[in-house]
Each structure stands twice: as C-alpha cells, then as structure tokens.
Protein chains: 2
Amino acid sequence: MFRNIVAQPYFSVYLMKKKEVTIYDLAKELNYSPSTISRALNNHKSIGKKTIKKIQKTAEEFNYRPNALAASLRNNTSRSIGITIPKINHPFQASLITGIEKAARKAGYNVIITQSDDKYKNEVDNVKALYDARVGGLIVSLGIETRDTSHFDQYVKQNIPIVFVDRVPENFNSYRVIIDNHAAGYRATKHLIEQGCKRIAHFAGAQHVNVYNLRKKGYVDALRESGLQVDEELILDMKTLSFEEGKKATEMLLKLDNPPDGIFSANDTAAVSAILYAKGKGIKIPEELAVIGFNNDPISQIVEPTLSTVSHPAQKMGEISTKRILEHSTRKLDTAVSEITMLDTEIIIRDSSKRK
Amino acid sequence: MFRNIVAQPYFSVYLMKKKEVTIYDLAKELNYSPSTISRALNNHKSIGKKTIKKIQKTAEEFNYRPNALAASLRNNTSRSIGITIPKINHPFQASLITGIEKAARKAGYNVIITQSDDKYKNEVDNVKALYDARVGGLIVSLGIETRDTSHFDQYVKQNIPIVFVDRVPENFNSYRVIIDNHAAGYRATKHLIEQGCKRIAHFAGAQHVNVYNLRKKGYVDALRESGLQVDEELILDMKTLSFEEGKKATEMLLKLDNPPDGIFSANDTAAVSAILYAKGKGIKIPEELAVIGFNNDPISQIVEPTLSTVSHPAQKMGEISTKRILEHSTRKLDTAVSEITMLDTEIIIRDSSKRK
DNA sequence: ATAATAAACGCAATCGATTGTTAGCTCAAA
DNA sequence: TTTGAGCTAACAATCGATTGCGTTTATTAT
C-alpha cells in the first residue's frame, strides 16, 4: 500500500527545549512585579502610560508570547470556539466552517472542530469533549439522529453560549442561525408551478429534522395555494437524500401510471441523481421533467442541464454564528436570550427548470 | 437582509455557575491526597489496585471531568493537533480534515483548524497562533505563496512534531505524507497515450509547488518515453487551476493550428471546465479530445462524459498524518526523524478518456 | 503647608493537575 | 527480633497568568 522512507536522525542540539519568555522574565528584566506586567500587557487603566509603553516594547523585544493555557485556566474559559457538525466534507458544512473560522480568527479565537457523522453518540461525546476543553462557545448543527438535547444542558448551566445553525432543535433556549426553510420550499415549488408543472414530486428528508420538515411544508403550502392537489404518492421521504436514494426514487416515480412533471428535491445530490437517471431513460429535462434542488453545491453547476437550486448563505451563517458567541460575553449575565437570526435564501434558476 | 427575533429572557437561576468537581474534592471525600487521586486516575503503578478502583468509582459517581487546561499547563503540551491548510471548503482538503479529526478523536485529541486562504501571511499567523495554543503537533498543507518555511522552526526547537501533507516543502526535516505525484502524472499521461492520443496538453499548476511540479515532470517523462515530442505550446502554467483559467486555456488550445487531442489537467476543476467548453464548441469527447483530471472531486462523476481522474486517498492521508503525531511522543527524544510516507494513487478511468 | 484624593504598582492567593522526593507501613527473610 | 525490600500514599513545588486588596507615591485642593 505504501512505502516508508526513514532518513537519518539529526542531532539533539536542535531538540533542546528552550524556555519560553514569561511575564516573570519581563518582571525581572524591568524590575516590576508580574502583576504590573500582566496589567500593562492588557492595557489596564491602573498602569501608567509610560510604563505600559516600556513594558510592551520590552515584551516585543523579548518576543514574549502569552501562554493562553495559563490564562484560560485562571479565567476558566478559553479563547476558542467548539464546532460540532455532522460531516466536514460536505460542501455546505465545509463552507460553514470556513465562515466560522475566518470570523473567529479575526477576533483571536481558535476553532476546535468535531464531527458527529450523524451519529447521536458521537455528538454527545464531542459536545462533552468540547466542554472539557473549556471552549468559550459552541456552534452546532445537529446530527440526523438527535432528538434529545440534554447533552447541551451543562453549557447553559455555565452560561457558555450555544449557537445552533441550520439544523436546530425545536425546544432549546439558545441562539439560532437559520434560513427560512418554509419560504424556500414554498418558493422553489412555486417556481416549478410557474413553469407549468402540474404534478410535482418532492424528495423529502428525515421529517424530524427541522429543515426537511419545513421545506416539505413549504412545498405542500405552495401546491395548495395554487389549487394543485397534494398527492402522497409523490412525496418520498428519504433517510439521507443520497445519490442512490435519489436514483431509486426517480426510478419509482417514472414507473407511475401518472408520472410527475416536476421534482423539488430537498438537496442537490438527490436532484442531480434524478436528472442523470431520467436523462438516461430518455426523458427531456426540463421539458418533460423540471427539477430544482437545494444547497447550490458545486455539482449543481456541472450537471447538464445545470441544476436550479436554492442557495444557502453558508459562510455568512458561519460568520454570524461566531459573532453571536463573541457578543455573548458582553451581555449582562441575567439577560440570556434566545435570539433567532433568519437569513434569506436565493432561488437560483438554471436550465433544469427553465421552460420559458 | 435578515430579521432578528429576540425572545424573553429567562431567569438567572439557570445561570448560577456551578463549580466543577476537581481532584481536591475527590481527595477530601475519600481522605486521600490530591496526588494519590491524580495518580489513581492515571493508573499509576505506585498506587494500590483497590485504591485505584475505589477512586475511579467515586470519580465516576461525582461525574468528575479532568480539567485539560490545568494538565496542559503543567505539562506544557495539550492533547490537541493544529491544522493549517489553504481552504477548508475544497473537497480534497475537507476529506483530509475528516480523516485527521476521526483519528484524533479516537485518541482523545482535539483538532484545531486554521485556513490560510493560500496567503503566506495568514499561514505564518496561524502557525504562530497554534504554537501559542500549545498544540501537541501540527499538520500542514502549504499555501501556494509559501516559499520560506522559517515559521515552522520554533516547533522543531521545542520538538513538537510537524507533518506536512500533500503540499510539502523541499527542504525541511519533518514528517511528510504525500502521494507519488510523479508516478501519477506519468500514469495519467500514459493512459492518454494508450488511448491513442498523439498531442497531449497539460494544465499545470504553480511550478514552485511540489505537487504540480512533479505531475508535470511525470507528464513530460511519459511523453518522452513514448517517443512523443514535448511541445511547450501545449503546457499551460496556471496560477490556480480555476474554472475560468481552465476555460481560457481550452479556448486557446482549440485555436491552435494543430490543436491537442488530449488534456491532462493537474486538477479536476480545470478539466471539467475544459470538457464543458470543448463540448460547447462541438468537439467530441473523448473521440476528438480525451481528458483526464486529478483529485476525484465529486464533480468528476457528474460532468458528462464523466471525468477520468487520479484519486487521492485524502482521508487516509489525514489518518496517517495524525498517527505520525501520536506516535512521535513515544519516540526517543534524540531520534527525531524525517519520515516520508508515500501513498499510492489510483487512476480512475471514466468516459472522458475511454476510446476503446 | 497640610490634608485629601487619585494614580501607580506590588503582594500573595488562585486556577487544577502533575511529580520528585520523602515517609510510613507490611511482610518476609535472616 | 531485626533488617530491608516493596508498597502505598502524602508534601509541596510547579506550570504562567490573573486579580482583589493594600501600600506607596504623586497630585490637587484647601
């Protein structure tokens, strides 16, 4: 499988652990007490201006780097944000992390990542581990198995801010950063109707997950409002909305006596799968079957015809989540709130649904 | 842009910070000294078996959770691994992180992520920040601008293991986890030759980056070995191998008096772009133009015809990188090594290059 | 000039776990 | 009974930054 190439050891002179410069070193050098050094480095107001300047200059010269661990231990909180999401290597979630990381780093915070793989047990373990790491805040997108949220209670007790993003729990008092899934589902469906679709199928995700539940509701409401009948036969609940599931679902739909002329899929993967399968069966897209997905994943721009979809402002959601956490510490202790930020989505119309 | 909905504050009874259980609490409870508690929890051999059992049982009952910060401060190293990569939201790198995170968590390590956005300054800042966080090891994929590697020196001085993965520096004594880019480039090119291509173009990346440099060398060697002439006109150095660059390059190639009949692209993005553009110009793929990419990104399976490519074992590379770091501490101090792990790639032949 | 106030800085405890050293104890061999 | 090996466990220092409280010095007011 692979080869190992081991080079010569180099000499241990390189390995002498040099001591780091501490505030004590600076204190000795400048004949101040460590407390003064500490305060000066933090621009504390009770330290003279000249003193501050002198100390900071010397710190620079000595290449002093504060030991974050020591400060965290003393303060019982660290300048780091914990993340728990289902899967890192999914475009939406990767972008979410990107947004979180950028905003956090700008504020001098580290980001500690964990992934649950959509397993409840992993999520619980990760949430605990992040708690043990004394993160200053937690950003979570729930795993698909999660129904009970008691593993987050300890954060609330310690007043550590939690931000749920995208996949959020129903009953938990905390920050939330979400999109309007109902509106998005409604508009996506409405778009298909406007293109002339009369029988629209829906690839629905696990219904106990808020995002999928709401998208489906939006779909149903759009149909009803347009006087179209809701046919349960056309609503396919899927576990993971994977490529394979999408294919099977499409296969089934096409076999119906009265097959659909449009599909609204709750994600792009299944939508792309539908397009490829239907095309293979000689169905014309979008003329005979119009398709719209959800997420605006990269594949949506590559498939032919290009896939219409709903775009999630993933990075922005990450940035806002981070902001909530950073702001939290400035709030008064007894005004913990449950603040919901709902971001707009955008329908992106491409060739897979453009009939006119 | 978005709406904020602020709910009622809830009462501060929820916000009472409860003290955490420490080894001192356990010591008081069981009438042992803190040192005994500490050793017992770590299964130290100098503590009696019954004592250990009793202490661990009580710790469990009290829901004791060790304060990792305190231990890290004392030991001057934390159970966390730092990562610095160019961009989190790129399929290959996201998978790399996935692999690292899984392996790390299994060993009880946290993963702290930073991204450089391919900016040298960011990389330097991040590497420093991770050092300040006292990470127990560092995993790096170099940014495209990086030529100087002195920002890693402090790790070496403190004997903190560094693993370079994929994009590695030329002259730096450390662990490396890479693929055989030369062989991959060679085989990809060879494959096109076997399919009957006589004039093969190459989309090359920035040449000071090892991976792109080697892929190009492999391409050149394959041509030479097959008696085909290396035409500089057909080798296009690109900065980022983006979709746009791929398009422009293809446009240029097709305008040549003697256009190529094959393209080996150093990534999938540019390859897909080439396919789409060429198809738009009425060129038949693979008959008139065979294309092979690199990375096995999701889009490679969606484009039509599906893109032949070279697959990177991304997750595995992440796992191995983590393993190197975890193993490092078990090595003797004076045998620091530069160990290179070279993983095999796999050529995945799909429709974009299959002529026979 | 003296009292009063403000500004600048130091002392020492604290956060929680770890560990080298020391000391008490048991039991067996001499 | 004595000596010592082998366990077992405690003491106290340590990691580095922070902070309440107290002290000294400088400044202003009277």
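These numbers were taken from a predicted model, which means no experiment stands behind them. We use all heavy atoms of the structure for the numbers below, so side chains are in, but hydrogens, waters and symmetry mates are not. Sequence lines set the chain letters: A, B, ... in the order given, protein chains first and strands last, and positions in each chain run from 1.
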Query raised in the report: How would nucleotides 20-26 of chain C be written as a contact map, 5' to 3', with B for base contact, S for sugar-phosphate-only contact and - for no contact, using protein heavy atoms under 4.0 Å?
Result: B------

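Here ring-ring contact (aromatic ring centres under 6.0 Å, His included) pairs that include residues 59-88 of chain B, with residues two or more places apart or in two chains, number zero. Sorted by first then second residue, the ring-ring contact (aromatic ring centres under 6.0 Å, His included) pairs that include residues 98-121 of chain B, not counting sequence neighbours, are B:Y120-B:H151.
Across the protein-nucleic acid pair, A:R74 atom CZ and C:dC15 atom P stand 8 Å apart, rounded to whole Å. In this structure, A:L41 places its CG atom 9 Å from P of D:dA17, rounding to the nearest Å. As a whole-Å value, the separation of A:L69 CG from D:dA17 P is 10 Å.
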Mind listing the N/O atom pairs, protein and nucleotides 6-8 of chain D, below 3.5 Å?
none

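The stretch residues 23-31 of chain B comes close to DNA chain D through B:N31, each having a heavy atom under 4.0 Å from the strand.
By the side-chain contact (heavy atoms from CB on, under 4.5 Å) test, B:S141 is found to be paired with B:I85, B:P86, B:V165, B:D166, B:R167, residues two or more places apart in sequence or in another chain being considered.
Both B:T36 and A:N75 lie near DNA chain D, and the one whose nearest nucleotide falls closer to the 5' end is B:T36.
Aromatic ring centroids of A:F164 and A:Y175 lie 6.0 Å or more apart.
A salt bridge between A:K128 and A:D132 is absent, with no side-chain N of the basic residue lying under 4.0 Å from a carboxylate O of the acidic one.
For B:S33, taking side-chain heavy atoms from C-beta onward, the closest of the listed nucleotides D:dC11, D:dT18, C:dA17 is D:dC11.
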